[in-house]
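Written out below as structure tokens is the structure these notes cover.
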Amino acid sequence: MKKYVLDLELRSIETLRPDYVLLRLCNGTAPLPEMQPGQFVEVRVPDSPATFLRRPISINKVDRERGELWLLIHTVGEGTRALARLKAGALLNVVLPLGNGFTLPPCVEGGTSDANRYVLVGGGVGTAPLLFMGEELVARGHEPIFMLGARSGKDLLQLDRFEALGQVCVTTEDGTVGETGFVTQHSLWTKIREGVCPKPALVYTCGPKPMMVAVSRLCDDLDVACEASLENLMACGLGACLCCVENTTEGNVCVCKDGPVFPTSRLRWKAEC
Amino acid sequence: MKKYVLDLELRSIETLRPDYVLLRLCNGTAPLPEMQPGQFVEVRVPDSPATFLRRPISINKVDRERGELWLLIHTVGEGTRALARLKAGALLNVVLPLGNGFTLPPCVEGGTSDANRYVLVGGGVGTAPLLFMGEELVARGHEPIFMLGARSGKDLLQLDRFEALGQVCVTTEDGTVGETGFVTQHSLWTKIREGVCPKPALVYTCGPKPMMVAVSRLCDDLDVACEASLENLMACGLGACLCCVENTTEGNVCVCKDGPVFPTSRLRWKAEC
Amino acid sequence: MNCSLLTKIGDLQLQNPVMTASGTFGYGLEFADFVDLNTLGGIIVKGTTLEPRQGNPYPRMAETAQGMLNCVGLQNKGVDYFCNVIYPQVAGLKTNVIVNVSGNSPETYAECARRIAELDHIPAIELNISCPNVKKGGMAFGVTPEGAASVVKAVRAAYPKTLIVKLSPNVTSIADIARAAESEGADAVSLINTLMGMAIDAERQRPILSIGTGGLSGPAVKPVALRMVWQVYEAVNIPVVGLGGIMNATDAIEFMLAGASAVEIGTANFIDPTVTTKVIAGIKEYAERHKLKSITEIIGAAHGSVS
Amino acid sequence: MNCSLLTKIGDLQLQNPVMTASGTFGYGLEFADFVDLNTLGGIIVKGTTLEPRQGNPYPRMAETAQGMLNCVGLQNKGVDYFCNVIYPQVAGLKTNVIVNVSGNSPETYAECARRIAELDHIPAIELNISCPNVKKGGMAFGVTPEGAASVVKAVRAAYPKTLIVKLSPNVTSIADIARAAESEGADAVSLINTLMGMAIDAERQRPILSIGTGGLSGPAVKPVALRMVWQVYEAVNIPVVGLGGIMNATDAIEFMLAGASAVEIGTANFIDPTVTTKVIAGIKEYAERHKLKSITEIIGAAHGSVS
Ligand SMILES: Cc1cc2nc3c(=O)[nH]c(=O)nc-3n(C[C@H](O)[C@H](O)[C@H](O)COP(=O)(O)OP(=O)(O)OC[C@H]3O[C@@H](n4cnc5c(N)ncnc54)[C@H](O)[C@@H]3O)c2cc1C
Ligand SMILES: Cc1cc2nc3c(=O)[nH]c(=O)nc-3n(C[C@H](O)[C@H](O)[C@H](O)COP(=O)(O)OP(=O)(O)OC[C@H]3O[C@@H](n4cnc5c(N)ncnc54)[C@H](O)[C@@H]3O)c2cc1C
Ligand SMILES: Cc1cc2nc3c(=O)[nH]c(=O)nc-3n(C[C@H](O)[C@H](O)[C@H](O)COP(=O)(O)O)c2cc1C
Ligand SMILES: Cc1cc2nc3c(=O)[nH]c(=O)nc-3n(C[C@H](O)[C@H](O)[C@H](O)COP(=O)(O)O)c2cc1C
Ligand code: FES
Ligand code: FES
């Protein structure tokens with residue numbers, strides 16, 4: 001997929017939660033390049049003396065009709081905070097699209113069946129790429145089931161959008177919304193294990209590493225394939241610097257180019273996670 | 001004079017000429033500290049990755065009634081351009097007041113006489129501190145005469161404000177306004193030399209170094225005392241780092257603390273200027 | 001007004017002085033969507049060793065003030081992979097593809113160079129005697145004149161084409177190392193490699209990089225790099241290739257004024273993948289504004305102005 | 001929760017680990033409007049020599065990416081001026097006023113130290129064997145173990161109080177220099193002094209600084225400084241004072257984790273004249289958050305986490 005460096009215009013910026021903003025970017029009147037769910041962009045942060053390198057951000061949604069690229073930002077440090085301070089109209093220099101993206105199942109016609117159920121498990125800002133993926137699954141005739149985990153109800157993001165796409169199972173650590181506990185403790189897993197619910201064709205996960213490791217173990221137990229989207233520290237985002245490597249069954253590979261999405265069977269997650 | 005570090009609020013920003021902006025700053029509702037003409041401030045430039053050190057800027061005017069500090073900025077590089085991009089309401093971290101200031105003659109009462117005529121010679125953005133000085137001279141009952149030099153008429157700044165204070169002699173290199181040539185070629189000098197006009201008690205000058213050297217030579221010839229305000233590169237502005245030194249009859253002294261204003265008799269200007 | 005941007009590194013002709021620094025531009029191919037590779041003065045590919053290497057564990061990168069640390073540790077698939085898989089993809093490029101060579105003994109350096117000498121469309125190698133991120137070899141050779149001499153000597157005997165020796169800045173006198181490389185037959189020196197540095201996570205109370213230390217690059221190191229290029233230019237008679245923190249054409253010009261016959265752009269490629277194209281355009285613009293007939297006129301031109 | 005910020009450099013007690021770096025805080029008096037000097041861990045005053053010095057010509061300063069170059073060149077009015085004019089003004093301060101001493105031979109260093117030893121309220125000197133901005137002496141001593149040893153030995157014989165030796169980063173192995181200073185009786189080492197660098201004006205085609213090169217300081221050098229503090233901490237048994245690019249409390253903590261018993265703040269004073277006060281407050285906040293009884297618990301605490 002051809003990569004571009006574009007000065008995208010910030011059409012709007014919306015504060016979703018105290019530490020989360022949604023950026024809607026457009027390419028002037030020109031169309032946006034092709035992009036796939038699970039891919040990411042590298043954003044140059046303007047006017048931020050402390051931010052030297054670009055920041056990798058997942059593609060949250062591509063609205064082809066309006067020509068909008070959505071980025072969901074969790075403000076954790078200088079760079080993301082500077083992004084959250086931007087005003088509509090600002091230009092954002094973005095390299096895109098980067099990485100491989102989630103495996104896209106072929107289109108199916110007719111109703112959903114057990115064979116085209118997909119579970120998408122996200123935690124925190126890791127839910128960002130799952131929205132784009134969910135939309136693509138629906139467009140291809142599949143049935144996404146979302147499992148969204150958060151510390152508390154107020155940390156759940158874009159819930160209405162997920163609900164518009166399919167079933168949403170929520171867990172919160174404090175129990176304010178949905179079931180209490182971690183995503184891996186949701187009753188859906190038990191139902192799958194007990195055969196009450198059908199096994200998904202594939203599980204996609206994105207979020208904090210410990211969560212993804214736990215999800216991947218669950219999938220191993222259930223004998224379900226799983227893809228995880230990693231968030232290693234990056235410098236170039238292009239496969240050139242070899243800074244972002246993850247240890248896999250083929251040795252150290254670049255998360256920015258060979259990933260960020262990996263079948264968990266390829267990963268040698270550290271046991272400690 | 002006690003020094004402060006203050007977060008001043010940008011009350012307004014006005015573009016005077018394509019490369020010049022006027023910043024009007026206030027100290028919230030608190031009064032501004034004491035300041036004298038010829039003193040300067042050190043501004044921390046916000047959101048400018050390329051600007052590490054503070055930027056020294058002359059005090060253009062202190063409007064005590066409105067509680068405003070005026071800074072006149074010539075946008076020559078990254079730092080000054082970033083200042084010119086600021087919007088009203090922004091906070092500007094400023095250290096002030098710095099340096100010695102021009103020698104203030106004592107107040108006089110009654111009309112002006114030859115003995116209290118002062119010539120203030122400025123070029124380019126070097127006219128900035130002369131406005132404050134001119135107002136102070138008028139307040140003390142003296143008669144300032146301004147000689148303002150510029151490349152062209154469109155480079156003259158705050159002309160109306162100077163005209164409100166006293167006689168203004170303009171030279172432009174292209175002759176679009178006032179006499180043609182450099183400030184040192186203005187006919188007033190000939191008149192002074194020929195005794196048609198009285199000798200000033202003191203000449204104050206601020207502007208490009210070659211101009212100030214030429215003015216100081218003229219004053220030497222006329223046997224008139226002259227004070228020049230230097231613009232050496234600075235790091236601390238506090239007399240601590242010894243980066244801003246000028247070679248004087250007492251050796252290397254700090255322009256930021258012993259200056260920026262020096263009687264030209266103390267300076268060992270390089271002959272080449 | 002037409003200024004020639006041609007420059008030379010020994011016998012090697014460059015269509016302009018702008019090359020890419022090893023380890024920051026992959027094999028060039030990674031940037032083909034952003035830059036017309038054929039317009040570059042040269043591409044210096046990833047550090048290559050005789051045997052494949054896995055490099056250091058993750059994390060390998062930390063951001064610093066106007067710079068970054070890396071401890072990649074020469075991860076590469078070995079010289080045979082380069083010859084068999086990469087070379088066919090880059091051999092047709094109309095620019096100088098130069099291989100950056102590393103090793104852990106004079107013999108492995110020389111053997112790696114010997115294999116690359118057989119590739120017709122690789123006109124030069126850059127010998128990395130200065131990588132701070134590998135325990136054995138690498139920087140050890142680059143920090144003494146004797147160490148540098150021993151590697152250069154072995155490689156010179158094995159490699160007949162243009163030999164550029166890349167110097168470490170982590171030394172008391174870089175001029176001494178440059179002279180040692182020159183006296184053993186290097187055709188040029190390039191500098192600087194990364195400055196050895198460290199980043200610590202105050203909350204977790206430990207270094208950020210997996211092996212503790214890493215190499216610092218980016219604008220932060222430019223003043224040190226300029227000073228070293230200046231010193232080495234005065235110390236040797238072979239051409240100097242300058243790098244370290246170049247982000248734009250003005251930076252590149254500064255290196256040439258300090259004595260560089262050509263420059264390399266490293267970390268800047270991460271900040272702006274199109275930077276090389278902009279630097280070439282900016283150098284051209286500068287040359288025209290200063291009415292130069294040839295960009296080579298400014299090489300070392302800042303010398304003589306200071307006593 | 002109350003954490004003690006007390007720390008020690010040999011026998012010298014500091015009420016907190018935050019001192020000011022020589023050449024960046026004048027005699028302290030210049031900052032009295034901004035900082036309550038009595039709250040500082042220490043004030044290290046301007047570099048002082050036996051005889052007055054005019055320093056280098058203007059321009060002496062150039063801004064760089066997150067840093068600055070200076071070539072002040074030890075301008076000062078000599079040790080007698082310090083003793084007669086400055087000392088009476090600073091002797092009453094309730095903080096450690098430490099004099100930074102330079103010279104051009106072991107004898108002039110020692111003589112300068114001897115005079116300062118007579119001042120009751122100066123508990124320590126910092127020996128600057130590492131200034132890159134003076135031609136004779138200065139850095140020449142700081143770049144070899146023998147040079148460092150010769151100066152430390154002469155001064156040790158002349159100076160009975162706390163002797164801190166300030167090291168140059170412009171060396172291949174700073175640990176070797178630190179060991180040399182330790183073996184000649186230094187009570188502590190401080191590092192880093194400035195990295196030698198250069199800035200060039202591309203339009204005027206010449207160096208910006210009057211003498212060409214200058215010393216780089218500020219955030220740009222922090223990664224190098226942290227690495228060196230880490231290395232020296234592992235090499236010697238005397239306390240290490242860390243500095244180089246500290247801008248805030250987190251930076252200061254990082255230096256302590258790397259092995260510093262105390263820190264110095266230099267260039268940051270130019271950016272924010274009140275920075276020292278903020279760093280002290282931030283260290284206190286960190287200590288409380290991490291439930292430390294004493295800030296000394298974190299000295300070198302990042303060691304051992306890396307193999
Ligand atoms: C492929 C990919 C996709 C991503 N998608 C998103 C997204 O859609 N939305 C979003 O808000 N963030 C996303 N991130 C994470 C985002 O890149 C980091 O949060 C951001 O770089 C932090 O920058 P900062 O300057 O704000 O924080 P810094 O000041 O750089 O760091 C603040 C804290 O965040 C940690 N941090 C820094 N970089 C990362 C990182 N890459 N991953 C995890 N922690 C980090 C630091 O260790 C530190 O503790 C993604 C990262 C990757 C690699
Ligand atoms: C005491 C004093 C008072 C000043 N008063 C004013 C004022 O009222 N209004 C105003 O616009 N400017 C004033 N200046 C000059 C102003 O400080 C510089 O123009 C400014 O620092 C340039 O910053 P920059 O980041 O825009 O440019 P940079 O990118 O730093 O430099 C751009 C160009 O300006 C030159 N330059 C940088 N600093 C100075 C300097 N201090 N003096 C002269 N040239 C410089 C550089 O050499 C370069 O050629 C004053 C300087 C001093 C020392
Ligand atoms: C991620 C990374 C990997 C690098 N790998 C190599 C390498 O393999 N061989 C080498 O000689 N230099 C390597 N370098 C050093 C660069 O080629 C260059 O010397 C250094 O980064 C300074 O230039 P810069 O500031 O323009 O990046 C690497 C630098 C970075 C940032
Ligand atoms: C303007 C200036 C003058 C300095 N003068 C001295 C000096 O006289 N003696 C000395 O030992 N170090 C001197 N230094 C070095 C500082 O003390 C310090 O080692 C260096 O700046 C690194 O710390 P920083 O990055 O916090 O500034 C000077 C530094 C600067 C910027
Ligand atoms: S971030 Fe550079 S290779 Fe992945
Ligand atoms: S700018 Fe530091 S002494 Fe003048």
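Below, each value reflects all heavy atoms present in this structure, side chains not excepted, and no hydrogens, waters or symmetry copies. Letters A, B, ... mirror the listed sequences (proteins, then strands); counts begin at 1.
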### Task
May I have the step-by-step check of side chain to side chain contact (heavy atoms under 4.5 Å, CB included) for D:H303 and C:R206, ending in yes or no?
CA-CA 7 Å; D:H303 291 259; C:R206 61 188 213 198; over 6 Å; no
### Task
Can you see which heavy atom on D:A65 is nearest to which on C:P219, and at what distance?
CB-CB, 3.6 Å
## Note on the structure
Minimal heavy-atom distance between D:Y286 and C:A202, with the atoms involved, is OH-O, 2.6 Å
Heavy-atom contact with chain D under 4.5 Å, split by part of [X]:
{"X": "C:A199", "answer": "backbone"}
{"X": "C:Q231", "answer": "side chain"}
{"X": "C:D251", "answer": "neither"}

### Stepwise side chain to side chain contact (heavy atoms under 4.5 Å, CB included) test for C:M198 and D:M228
CA-CA 9 Å; C:M198 184 178 241; D:M228 289 184 166; over 6 Å; no
### Residue of the set C:N170, C:L216, C:I200 for which side-chain contact (heavy atoms from CB on, under 4.5 Å) holds with D:R227
C:N170
#### Entry: Pairs involving residues 253-266 of chain C, ordered by first then second residue, that meet side-chain hydrogen bond (donor to acceptor under 3.5 Å, both in side chains) (sequence neighbours left out)
C:K222-C:E254
### Task
Using the side chain to side chain contact (heavy atoms under 4.5 Å, CB included) rule, take D:V224 and C:M196 through it: C-alpha gap first, then chi angles, then the decisive distance, then the call.
CA-CA 6 Å; D:V224 176; C:M196 199 175 157; over 6 Å; no
### Summary
By side chain to side chain donor-acceptor pair (under 3.5 Å), D:D176 pairs with (sequence neighbours left out) D:S173, D:R179
## Note on the structure
Whatever's closer than 4.5 Å to a heavy atom in chain C on D:R289 counts as side chain
